[in-house]
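This structure is a prediction, so every number in the text was calculated from the model and none was measured. Throughout, a chain's letter reflects where its sequence line sits, starting with A, and its residues are numbered from 1.
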Amino acid sequence: MLFEDPSPLLVGLNPEQAAAVTLPAEHALILAGAGSGKTRVLTTRIAWLLQSGQVSPGGIMAVTFTNKAAKEMMTRLTAMLPVNVRGMWIGTFHGLCNRFLRAHHQAAGLPATFQILDTQDQLSAIKRLCKQHNVDDERFPPKQLQWFISGCKEDGQRPRDVVVRDDETRRKVEIYQLYEEQCQREGVVDFGELMLRSYEVLRDNDPVRVHYQRRFRHILIDEFQDTNRLQYAWLKMFSAPPLEGLPPSGNAVFAVGDDDQSIYAFRGARVGNMADFVREFQVRHQIKLEQNYRSCSNILNAANELIGHNSRRLGKNLRTDAGAGEPVRVYEAPSDFDEARWVVDEMKQLEREGMARSEMAVLYRSNAQSRVMETALFNAGMPYRVYGGLRFFERAEIKHALAYLRLLENPHDDNSVLRVVNFPPRGIGARSVEQLQDVARASGCSLHDAASGVTGRAGTAIGHFVALLDVMREKTQGMTLKEIIELVLDRSGLVEHFRQEREGEDRVENLEELVNAAESFVMQEGFGRDAVALPVDELGAPLTQSPASQGLDMSQPLVDEPLPAVVPDTGETLSPLAAFLTHAALESGDNQAQAGQDAVQLMTVHAAKGLEFHAVFITGLEEGLFPHENAMSDRDGLEEERRLMYVAITRARQRLYLAHAQTRLLHGQTRYNLRSRFFDELPEDALKWLTPPQARQGLSAGGWQGGGRGAAGAGAQPAWTPGWLAAADRAPAPKAPEPDRGVDLRAGQKVFHNKFGEGKVLAIEGAGPDARAQVSFNRHGVKWLALSVAKLTPVDA
DNA sequence: ATTCAGGCAGTTTTT
DNA sequence: CTGCCTGAAT
């Protein structure tokens with residue numbers, strides 16, 4: 001033990017956890033396996049640093065990806081220590097960037113009241129821009145431009161930094177440039193901009209950077225494997241690595257992550273940041289947390305064996321003291337319909353055994369799969385809850401209300417003007433709006449100013465609208481947040497509008513809920529830690545006398561040095577309204593309806609990350625679905641799918657169920673799927689097959705290429721066995737695929753193609769002249785081929 | 001201004 | 001088979 005009198009904080013930690021918590025103030029990487037007590041280590045580390053007097057609350061920055069994680073960290077921390085969490089910077093990347101930019105808005109070139117665009121807002125801003133500049137939306141779909149712009153920002157690239165090799169990119173960069181100008185003009189920033197702009201201020205402003213580098217003695221990052229390029233670069237601004245040529249910052253970065261749970265490469269996450277961190281920061285302390293406190297060993301063995309099929313891992317193996325537990329149950333269903341029914345039956349059984357419904361989860365790869373499951377649960381009368389979908393602040397009626405509120409703060413927010421200029425309808429048609437946009441463009445001003453200018457013709461509808469906004473702004477002066485929102489809901493006519501709508505009751509309720517949300521925001525958050533520019537003394541003043549440590553042992557002197565004040569002492573604070581709007585943009589709220597009931601949980605595997613359940617059902621384990629066909633073009637894609645499966649498996653505490661279906665209705669067509677190759681990567685002795693071998697597919701996709709499990713020769717059962725078709729109440733009954741040319745192809749069949757060589761049929765879709773086959777070629781990857789065109793010759797096994 | 005038909009795409013998602 | 005969006009028709 002490190003101490004004669006071990007801190008009570010360390011009680012109950014295993015040796016690795018304790019070692020991580022008590023590491024010296026140097027850079028460290030913690031490889032934290034699933035269920036290894038990662039959050040506990042992070043929070044205990046902070047508590048330990050504070051309690052041992054190594055740092056005051058003001059010297060700590062802890063970064064997470066989700067608000068939920070940040071909140072949990074604060075909750076756990078306050079339970080451990082009577083510490084004022086407000087002095088610390090604990091929050092999401094974006095929340096902290098927002099906090100930073102509010103304090104440094106001038107250095108960042110932003111108005112104090114800048115608004116935040118969420119993904120929807122960003123897309124509509126891009127659409128608007130494209131219309132205005134006559135961008136061909138066939139060649140440049142707005143979605144794709146959004147993806148491009150966000151991608152550039154995630155890589156830290158401004159338009160001028162993008163390497164242009166072709167005309168298409170050149171045009172995209174032009175649009176990116178125009179988009180930036182538009183945002184700047186309107187005083188709005190998107191999510192990527194929050195990060196990029198903060199990064200640039202730190203990079204280009206030496207006093208500011210030095211200030212924060214000296215202030216934050218300890219920087220802790222959760223889910224480090226999910227950081228993108230920009231986020232890593234941003235972190236480096238707070239703690240220059242030794243080789244960067246900048247003076248050493250003398251602080252310590254404590255990064256926690258798990259390369260095996262990296263499932264967000266598709267949105268820019270770079271697992272490579274972990275290795276880069278070790279190299280660039282010359283990390284000397286790496287600790288692996290491999291003791292798992294969650295799952296029984298059958299489940300854990302399955303996870304370990306599966307992930308062992310990935311190459312390029314940092315290397316980690318979970319172990320548990322828990323017993324073997326139940327075997328992993330595997331079921332092969334004739335159809336997706338039967339699969340769902342089986343899941344429900346098993347759930348009923350678990351319920352009879354006394355398991356709470358909320359402890360059971362159904363996980364799937366893609367959202368489209370929830371429907372069958374929902375139907376089955378509904379028919380069985382079993383309460384369920386689907387994660388995903390619109391969150392509270394993303395609902396249309398809420399966004400309308402927020403748009404009015406934003407216009408009180410910032411009338412130049414054209415996005416918001418366009419959203420509500422004619423909502424509720426007030427006789428401002430598309431062509432009036434267009435005219436207004438022309439005027440605004442011609443005079444280079446915002447829609448609001450253009451409208452105010454034209455209002456010479458009093459009595460026009462647009463004039464009324466501008467007057468309405470002005471009246472609202474005037475009347476709400478000095479009001480509480482609650483009163484402001486109530487007034488806006490009333491004067492805008494939103495509530496009245498939805499009251500008259502036939503199906504508008506829910507929307508009216510949501511609008512009322514918005515008032516409640518605002519009230520509780522003011523109450524518990526005191527306007528929200530993230531949202532409010534902190535009192536200047538907190539950012540700028542010397543931290544030696546940080547008062548936020550009541551209850552701490554203050555006998556040891558703190559090491560913080562006095563800091564030069566770099567925050568402009570303007571005494572600015574954000575209004576409650578502005579703070580609430582920020583809150584709405586950065587925390588879109590719950591997406592779960594009816595949270596109270598004890599209900600079965602349905603969600604994608606992605607959404608399940610970080611959660612755990614007594615019983616987990618992973619459904620749709622089929623080639624093309626899981627692993628998903630779009631991800632299988634390269635090895636990286638397949639490995640990410642495998643990590644996804646690893647995440648799914650490690651959610652389960654006691655029971656794990658795996659299922660796949662021979663046929664599945666997808667895009668309105670019946671598809672015949674092979675079972676997932678992942679079955680072949682699980683330990684046979686941890687599994688219990690609930691389907692007799694004769695009723696199973698003989699081969700799985702990966703099987704013939706090597707290492708396949710053995711039921712070969714059992715004869716692939718035709719997927720269209722009449723027996724179960726009669727049982728399924730689905731019409732019309734799927735027909736056996738009858739490809740042209742009379743070639744007898746079925747899933748699993750080895751084939752030869754003149755150009756692509758040898759491959760294997762993954763799936764067959766459609767019939768007659770439209771029939772297509774999905775073939776995985778040994779050398780050329782997975783392709784869809786029209787059977788009427790492609791020459792496929794069956795090859796005998 | 002509202003509604004309806006037709007076209008089209010359809011992994012994963014937090015901020 | 002959906003859900004979403006657009007364009008045309010009332």
Protein N or O to nucleotides 1-10 of chain C N or O, pairs below 3.5 Å:
| unit_1 | atom_1 | unit_2 | atom_2 | d |
| --- | --- | --- | --- | --- |
| dG3(C) | OP1 | Arg371(A) | NH2 | 3.3 |

Residue Leu586(A), side-chain atoms from C-beta onward, closest of dT11(B), dT13(B), dT15(B): dT15(B)
Please tell me if Asn367(A) has a side-chain N or O lying less than 4.0 Å from either OP1 or OP2 of dT12(B). yes
Could you say whether the aromatic ring of Phe65(A) and the base of dT14(B) stack, counting only centre distances under 5.5 Å and plane angles under 30°? no
Return the stacking result for dT11(B) and His628(A): yes when the ring centres lie under 5.5 Å apart and the planes under 30°, no otherwise. yes
Proximal nucleotide (of dT14(B), dT15(B), dT11(B)) relative to the Arg267(A) side chain: dT14(B)
To the nearest angstrom, the CG-P distance between Leu363(A) and dT12(B) comes to 14 Å
For Gly427(A), which contact category applies under a 4.0 Å heavy-atom criterion: base, sugar-phosphate, or nothing? sugar-phosphate
Under the 3.5 Å rule, do the base of dT11(B) and the side chain of Thr604(A) count as making a donor-acceptor pair? no
Find the distance Trp234(A):CH2 to dT15(B):P and express it as a whole number of Å. 15 Å
Can you check the Gln261(A) CD to dT12(B) C1' distance for me, whole Å? 15 Å
Between dT3(B) atom P and Glu501(A) atom CD, what is the distance in whole Å? 9 Å
Figure out the CD/P separation between Gln120(A) and dT14(B), and round it to whole Å. 13 Å
Answer yes or no: is there a donor N or O on one side and an acceptor on the other, between the side chain of Thr227(A) and the main chain of Ala269(A), under 3.5 Å? no
Could you list all the side chain to side chain donor-acceptor pair (under 3.5 Å) pairs where at least one residue sits in residues 421-432 of chain A, not counting sequence neighbours? Tyr404(A)-Arg426(A)
Which listed nucleotide (dT2(B), dT15(B), dT13(B)) is nearest to the side chain of Pro425(A)? dT2(B)
List in chain and number order the residues that pass ring-ring contact (aromatic ring centres under 6.0 Å, His included) with Tyr264(A), two or more places apart in sequence or in another chain; answer none if no residue qualifies. Phe266(A), His606(A)
Taking the side chain of His94(A) as its heavy atoms from C-beta onward, which of dT12(B), dT11(B), dT15(B) lies nearest to it? dT15(B)
Closest approach to the side chain of Asn422(A), judged atom by atom: which nucleotide of dA1(B), dT15(B), dT12(B) is it? dA1(B)
Residues 135-153 of chain A vs salt bridge (Lys or Arg N to Asp or Glu O under 4.0 Å), sequence neighbours excluded, gives Lys153(A)-Asp190(A), Lys153(A)-Glu193(A)
Could you state the atom-to-atom distance from CG of Asp222(A) to P of dT14(B) in whole Å? 16 Å
With sequence neighbours left out, the residues meeting side-chain contact (heavy atoms from CB on, under 4.5 Å) with Ala585(A) are Ile116(A)
If you assign Arg426(A) and Phe93(A) each to the DNA chain B nucleotide with the nearest heavy atom, which residue ends up on the more 5' nucleotide? Arg426(A)
Is the terminal nitrogen or CZ of Arg158(A) (NZ for Lys, CZ for Arg) located under 6.0 angstrom from the six-membered ring centre of Tyr176(A) and within 45° of that ring's axis? no
Just N and O in the side chain of Asn67(A): are any of them under 4.0 Å from OP1 or OP2 of dT15(B)? yes
Counterpart residues, ring-ring contact (aromatic ring centres under 6.0 Å, His included), relative to Tyr364(A) (two or more places apart): none
dC4(C) and dT13(B), which share atom name P, separated by this distance in whole Å: 15 Å
Give the rounded distance in Å between these two atoms: CZ of Phe100(A) and C1' of dT15(B). 18 Å
OP1, OP2 of dT14(B) versus side-chain N and O of Arg391(A): anything below 4.0 Å? yes
Proximity to the side chain of Ala607(A) - top-ranked nucleotide from dT15(B), dT13(B), dT11(B): dT13(B)
To the nearest angstrom, how far is Glu394(A) atom CD from dT13(B) atom C1'? 10 Å
Can you find a heavy atom in the side chain of Arg642(A) that is under 4.5 Å from one in the side chain of Glu681(A)? yes
